[in-house]
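Notes to accompany the following structure.
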Number of protein chains: 2
Amino acid sequence: MEKVSSSIRITGQPLSESIFIELRSAILRGKLRPGEKLSEQQVCDKFGLSRTPVREAFRQLELEGLIETIPNRGAFVVGLSKRDIEDLYEMRKAYEILAVKWAIERITKEEMEKLEEAYEFMEFYTMKKEADKMLNINMQFHNLIYKASHNRMLEHTLSTYQFYLKETESNSAYLDGYLEEVLKEHKQIYDAFVEKDTEKGMAAAAMHLDNAKARAK
Amino acid sequence: MEKVSSSIRITGQPLSESIFIELRSAILRGKLRPGEKLSEQQVCDKFGLSRTPVREAFRQLELEGLIETIPNRGAFVVGLSKRDIEDLYEMRKAYEILAVKWAIERITKEEMEKLEEAYEFMEFYTMKKEADKMLNINMQFHNLIYKASHNRMLEHTLSTYQFYLKETESNSAYLDGYLEEVLKEHKQIYDAFVEKDTEKGMAAAAMHLDNAKARAK
DNA sequence: GATTGTATTCTTGTATACAATTATATCTCT
DNA sequence: AGAGATATAATTGTATACAAGAATACAATC
């Protein structure tokens, strides 16, 4: 493992959090290979800090299943296979459908206003053909739905999946040729919120995620 | 928080793991109330050990969303609302359907033999009307399916949900009057494995979990 | 040459010590 | 008495120290 010159200290945020995010990203991006041993001391040396926060990060990675620790032997990178990622799209789809359903039932007025605003930005960026901004607002749109589902676990899990898929996607600018198609799919979801039609929303979400999976190829 | 007389040390297992499981259980069972402050020192005193393993357990609880930590202020119990638990049944159902689908597609010969054995135990215990043993083999049956899905994340999540629901269920002996009904539902799932019929399996799983939710009331 | 037993080294698991931030209590002033 | 400021105490965040287990190296034996 190569050293990094700069510290990862961010004021206010515990170091264990930073290390967790950093290592998770490295594993998902394949910089840390499955099977590879992850030594606490090496990680400490790399980031220039003590073992305490590193160990806390390890325990979190273990809980997410990205590393496997054998007592008194150490931690080993697990990582995601091609099929794991394929599966992840399916798992996300199943939850996203639930999120849309609950969000339509439970969304507050304020949340609805934010969702409307997000959708309007999507229209705007589609018109301007700004794919990278579209990618961002796309994520926000979905995150607003997660929040509006008013279920912390679902929200957390879907945010995690979003992160996983973002990190593992080979080409993050894959939206380029599909802006209008993507907009249309989101319009169907958004319309379902306006009409408070859960069935329509769930169907639209399912369709959208099937297409998203196909586009990511 | 009251002290416990006995130590929770189990040879081979890190203490952080034991504390994690212990605290998680306490939160799910409502012994630790939502909003309550969870002091590191208090937990240390209670279990008679140092802060290092306690902190590691806290980080894991945080990741599962059962506590919320505010930097430099401490950890606060979050817990699950009635609706959270209701939702959990839906979330479990969505994943269980996926697990059955993938398991039917991916199950190995050895795994199939174990599943068959588990199902036969279910028949046996139903005949003998042993509800508590049935509860156990029931969990095993489902865990075998999780394993056979050959997706670690799905397996881990479903195991967690199983634990959550088991801990929060008001009456763990709720199977009592429903042994034959439950057996029938599992037979349908098991038959789908024998016939390698994913559609049938998914439908049977959906039905089973709807009924399980209704029975838990 | 292969294998087993032992000593050494290395790594992890836990406890303690220190630093930094936050909460609380006390005191002052109006 | 109440509001604000300061000092003290308590709690968290991080680093270091120690203990226990595992891996490695090496010697002795077959």
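By convention in this document, chain letters (A, B, ...) are assigned in the order of the sequence lines, proteins followed by strands, and residues within each chain are numbered from 1.
As a whole-Å value, the separation of E40(A) CD from dA22(D) P is 15 Å. Distance, I70(A) CD1 to dG21(D) C1': 14 Å, rounded to whole Å. If you measure from atom CG of L15(B) to atom P of dG21(D), you get 12 Å, rounded to the nearest angstrom. We find that CG of L49(B) is positioned 10 Å from P of dT16(C), with the value rounded to whole Å. Remark: P of dT14(D) and CD of E17(A) are 11 Å apart, rounded to the nearest angstrom. Counting to the nearest Å, the P atom of dG13(C) and the CD atom of E56(A) are 14 Å from each other. For the pair F58(B) CZ and dG13(D) C1', the computed distance is 14 Å after rounding to whole Å. Going from atom CZ of F76(A) over to atom P of dT11(C) covers 12 Å, rounded to whole Å.
Side-chain contact of D45(B) with Q41(B): a donor-acceptor pair under 3.5 Å is present, judged by distance alone.
Out of dA15(D), dG21(D), dT22(C), the shortest distance to the side chain of N72(B) is found at dT22(C). The side chain of R73(B) lies closest to dA23(C) when the candidates are dA23(C), dT11(D), dG13(C). Minimum atom distance to the side chain of S50(B) is reached by dA15(C), of the listed dA15(C), dG13(D), dA15(D).
K46(B) has no carboxylate O lying under 4.0 Å from a charged side-chain N of E22(B), or vice versa, which leaves the two without a salt bridge. A salt bridge links R59(B) and E62(B); the closest N-O separation between the charged side-chain nitrogens and carboxylate oxygens is under 4.0 Å.
Partners of F121(A) by ring-ring contact (aromatic ring centres under 6.0 Å, His included), not counting sequence neighbours, listed by chain and number: Y125(A). Among residues two or more places apart in sequence or in another chain, the side chain to side chain donor-acceptor pair (under 3.5 Å) test is passed with Q60(A) by none.
Between K37(B) and dA23(C) there is no side-chain polar atom (N or O) within less than 4.0 angstrom of OP1 or OP2. Proximity of R51(B) to the phosphate of dA15(C): no side-chain N or O atom is located under 4.0 Å from OP1 or OP2.
Remark on DNA chain D: of its neighbouring residues T52(B) and Q41(B), the 5'-side contact belongs to Q41(B), judged by nearest-heavy-atom nucleotide.
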